[in-house]
Amino acid sequence: MLDPKLIRHELEATAARLLTKGFELDVMQVQSLESQRKGLQVETEELQGTRNSQSKAIGQAKSKGEDIQPLLNAVANLGDQLDSKKQELEVVQSRLNELLMAIPNVPDDSVPVGKSEDDNIEVRTWGVPTEFTFTARDHVDITSTSGKMGFEEATKITGSRFVTLRGQLAQLHRALIQFMLNVHTIEHGYEEIYVPYIVNRESLTGTGQLPKFEEDLFKLDDERDFYLIPTAEVPVTNMVRDEILDAAALPQKYVCHSPCFRSEAGSYGRDTRGMIRQHQFEKVELVMMVRPADSWAALEELASNAETILQKLGLPYRVVNLCGGDLGFAAAKTYDLEVWLPGQGKYREISSCSNFLDFQARRMQARWRNPETGKPELMHTVNGSALAVGRTLVALLENYQQEDGSVRIPLGATVIHGRRDSYLTRELELCAICRYILIFRVETCLWWVAAKLLEEKLSSSYAAAHILPLSRRTSLTRLQPSCRKTSMPFTQLPMILSFCLANAWSLQRPTIGP
RNA sequence: GGAGAGGUGGCCGAGUGGUCGAAGGCGCUCCCCUGCUAAGGGAGUAUGGGUUAAAAGCUCAUCGAGGGUUCGAAUCCCUCCCUCUCCGCCA
């Protein structure tokens with residue numbers, strides 16, 4: 001919701017800025033409703049004032065034992081007058097409110113002017129679009145032989161725009177979620193949070209999905225006005241609804257994995273192939289509540305946090321600054337991260353990071369106490385996906401496809417060292433990666449090597465060559481002496497592995513405050 | 001699902017029709033006093049809206065939410081929501 005003061009005092013200028021978002025504000029209607037509101041509200045409150053003072057006078061007279069009948073006569077028809085004025089005011093106010101709630105946020109000055117995604121501005125790119133010596137397939141073709149991605153199956157179970165994943169694909173999907181959560185909690189300092197996936201009308205109004213975009217949501221057939229969440233942004237951001245936080249409580253940084261449910265009404269015929277656009281998908285979302293002065297820096301930080309995931313996965317992408325016409329309802333500015341999809345031969349959105357300024361906060365009455373003024377002030381909200389899990393899976397499959405139809409994902413290299421020299425190679429060799437990502441912290445290479453050795457039954461000389469140098473970079477300094485002494489005989493590997501498993505959590509856990 | 005209790009300001013807690021936006025306490029802020037492991041005294045301290053360019057001031061609303069009774073409702077009546085306790089059921 002925009003600041004009502006903008007509507008009252010800078011109506012024309014605001015309307016002009018909204019036009020860059022493709023929104024035509026009915027200036028005449030707003031003006032007329034606003035002047036009606038002003039008049040009616042003043043009259044109503046004056047009537048209430050007289051009623052209050054008259055009633056008080058009656059009370060005083062009565063306690064003195066005076067005759068109150070004349071006073072009663074004086075207020076005889078005050079109630080009726082008040083009722084009718086109240087009703088008039090309510091009508092005007094609800095129409096005005098309806099109008100205000102439907103006005104989108106005003107784009108920031110740094111937002112490019114434009115009508116559609118063609119007018120978005122590329123801010124930067126990372127990596128180069130993957131090239132193949134053969135014709136690249138899309139993820140549907142890649143998985144068609146193994147049958148591990150089930151579109152027909154899901155259609156039978158539910159309908160179109162759903163999917164089933166099996167075996168290694170399901171494991172990789174799960175592993176990606178863990179991986180993203182681990183990176184954001186351990187490396188970027190977000191607090192992981194679990195929230196309801198069903199929310200009420202107030203929450204959706206707070207973040208801006210309602211009242212305008214009801215058709216995009218799945219509503220429960222329930223008199224309680226419950227909806228499935230279209231994004232974790234809704235429950236997470238609404239945690240601060242109707243709250244006044246201490247200045248010290250900001251910034252708040254949350255990472256939340258959740259399923260997302262979108263009806264995709266109005267997108268008939270778009271992205272019907274594959275799992276790009278689904279009614280249900282998983283997403284890891286970053287949400288920040290910050291002081292107003294910090295929100296622009298927070299947007300940059302949050303976007304770069306999301307980029308980290310793509311970089312660690314070695315996926316080429318670009319960052320675009322959305323133009324006014326492509327900007328979402330509540331956003332003042334949005335960076336989209338677009339990952340390269342060889343199957344489509346283009347960049348596709350995999351994350352959307354936005355600064356909402358105080359737009360959501362005003363709807364939610366989410367405030368903080370500014371120590372300089374001592375007064376409650378609206379906070380700013382910033383959020384973004386990091387990342388959409390289904391699309392990440394698609395990007396991995398398509399970018400790491402091999403000519404023979406297999407997929408080799410060099411996560412061992414990219415995630416751990418930022419190099420691509422040590423592959424795990426097998427047909428859809430995802431399982432080992434899953435284990436690695438599920439259990440271990442990104443940098444603790446030792447454990448990964450140990451697991452790999454066990455699995456691959458590699459020689460002890462390999463162990464000596466790899467484990468010793470790696471262990472120096474890890475926090476497992478306690479292992480170093482024994483490694484040196486024994487040159488890591490192969491027989492000790494099971495012991496080391498179990499040690500690692502037992503200590504993985506406590507060793508990797510970051511320091512948590514009191 | 002059954003039975004009962006309850007929802008009041010940052011927190012605790014009083015208040016069953018009339019200067020109650022709300023006693024008292026705690027906490028917090030400021031001031032005063034006092035040289036000793038501290039205490040005492042005083043003042044202030046809700047949120048939203050309107051009026052205003054803004055502030056001050058004035059004013060309206062808010063005691064879980066919504067309706068009703070009344071000149072007047074935190075207080076009486078109705079509906080709903082939520083919390084707690086006990087029982088039942090259950091991942």
Side-chain angles (χ1 to χ4, degrees), chain A residues 1-14 30-31 33-101 194 196-206 220 222-227 235 238-250 358-379:
Chain A
M1 191 170 158
L2 293 179
D3 189 341
K5 288 194 177 70
L6 281 180
I7 301 298
R8 280 177 209 150
H9 307 307
E10 296 171 41
L11 187 55
E12 297 288 348
T14 306
V30 172
Q31 271 174 340
L33 280 172
E34 171 57 22
S35 71
Q36 284 182 59
R37 188 228 96 222
K38 192 164 167 175
L40 283 169
Q41 184 162 349
V42 170
E43 287 180 61
T44 307
E45 288 183 1
E46 273 171 6
L47 281 173
Q48 282 174 321
T50 37
R51 186 203 58 193
N52 288 349
S53 57
Q54 301 275 51
S55 294
K56 235 169 225 180
I58 292 174
Q60 284 169 338
K62 207 174 175 185
S63 67
K64 289 178 198 154
E66 294 168 7
D67 181 17
I68 59 167
Q69 197 52 46
L71 287 168
L72 284 178
N73 293 341
V75 294
N77 52 6
L78 200 65
D80 291 340
Q81 280 180 46
L82 190 58
D83 279 347
S84 72
K85 274 287 178 253
K86 262 187 181 167
Q87 273 176 21
E88 279 183 67
L89 178 63
E90 203 174 311
V91 169
V92 171
Q93 228 154 16
S94 71
R95 279 178 60 196
L96 192 60
N97 196 44
E98 220 171 275
L99 211 68
L100 288 175
M101 290 301 268
Y194 170 82
Y197 303 147
I198 295 173
V199 292
N200 57 31
R201 169 166 284 273
E202 288 72 30
S203 293
L204 286 157
T205 306
L220 267 54
D222 185 301
E223 69 282 0
R224 283 177 293 189
D225 261 347
F226 282 169
Y227 297 80
N238 272 279
M239 291 191 303
V240 294
R241 173 154 53 88
D242 294 323
E243 297 288 334
I244 301 173
L245 300 179
D246 286 339
L250 297 177
D358 61 11
F359 188 85
Q360 292 182 325
R362 183 170 293 106
R363 289 171 159 245
M364 293 190 298
Q365 283 302 307
R367 290 158 295 164
W368 69 297
R369 198 171 293 277
N370 185 343
E372 286 174 23
T373 60
K375 297 282 180 211
E377 294 175 14
L378 295 170
M379 62 179 77

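Here the structure is a predicted model, which means the values were calculated and not measured. In the text below, chain A, chain B and the rest are named by the order of the sequence lines, each starting its count at 1.
- In this structure, B:G35 makes no Watson-Crick or G-U wobble pair, since no nucleotide meets both defining distances under 3.5 angstrom.
- Using modelled atom types and a 3.5 Å distance limit, the side chains of A:Arg363 and A:Thr205 yield no donor-acceptor pair.
- Atom-to-atom, CG of A:Leu100 to P of B:G48 comes out at 18 Å; the value is rounded to the nearest Å.
- Here B:A56 sits opposite no nucleotide as a Watson-Crick or G-U wobble pair (both hydrogen-bonding atom distances under 3.5 Å).
- For the pair A:Arg367 and B:G48, the criterion of a side-chain N or O lying under 4.0 Å from OP1 or OP2 is met.
- A donor and an acceptor atom, one from each side chain of A:Ser55 and A:Asn52, are nowhere located under 3.5 Å apart.
- Using atom C1' as the reference point in both B:G10 and B:C84, the two lie 22 Å apart (nearest Å).
- A distance of about 24 Å separates the C1' atoms of B:U83 and B:G25, rounded to the whole Å.
- In this structure B:G24 sits in a base pair with B:C12, meeting the Watson-Crick or G-U test at under 3.5 Å.
- Taking atom P on both B:C81 and B:A43, the two are 46 Å apart, rounded to the nearest angstrom.
- Atom P of nucleotide B:C11 and atom CG of A:Asp246 are separated by 12 Å, given to the nearest angstrom.
- Across all strands shown, the partner of B:U62 is B:A46, judged by Watson-Crick or G-U wobble contacts whose two distances both fall under 3.5 Å.
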- Heavy atoms under 4.0 Å is the rule here; annotate nucleotides 49-74 of chain B 5' to 3' with B where the base is hit, S where only the sugar-phosphate is, and - elsewhere. BSSS-S-----SS---------BS--
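- Here, B:G9 and B:A22 have their C1' atoms 9 Å apart, quoted to the whole Å.
- Across B:U34 and B:G40, the matching C1' atoms stand 9 Å from one another, rounded to whole Å.
- A pairwise comparison of heavy atoms in A:Met364 and A:Val240 identifies CE-CG2, 4.2 Å as the closest pair.
- A heavy-atom distance below 4.5 Å is not found between the side chains of A:Gln87 and A:Glu90.
- Shown here, B:A74 forms no base pair; nothing in the strands shown gives a Watson-Crick or G-U wobble contact with both key distances under 3.5 Å.
- Rounded to a whole Å, the CD1 atom of A:Ile244 is 16 Å from the P atom of B:U45.
- Separation of the P atoms belonging to B:A73 and B:U62 is 9 Å when rounded to the nearest angstrom.
- Using modelled atom types and a 3.5 Å distance limit, the side chains of A:Glu377 and A:Thr373 yield a donor-acceptor pair.
- Between A:Leu378 and A:Trp368, the shortest heavy-atom contact is O-NE1, 3.5 Å.
- Regarding A:Glu377, its CD atom lies at a distance of 11 Å from the P atom of B:G48, rounded to whole Å.
- Spacing between atom CZ of A:Arg224 and atom P of B:C81 amounts to 8 Å, rounded to whole angstrom units.
- Inspection of the A:Asp242 and A:Gln365 side chains reveals no N or O donor paired with an N or O acceptor under 3.5 Å.
- For the pair A:Glu243 CD and B:A46 C1', the computed distance is 15 Å after rounding to whole Å.
- Taking the P atom of each, B:C26 and B:A39 are spaced 12 Å apart, rounded to whole Å.
- Using the Watson-Crick or G-U wobble rule with both distances under 3.5 Å, B:C86 pairs with B:G2.
- Atom name P, nucleotides B:G13 and B:G64: the rounded distance is 14 Å, in whole Å.
- Note that the CZ atom of A:Arg362 and the CG atom of A:Asp3 stand 4.5 Å from one another [nearest 0.5 Å].
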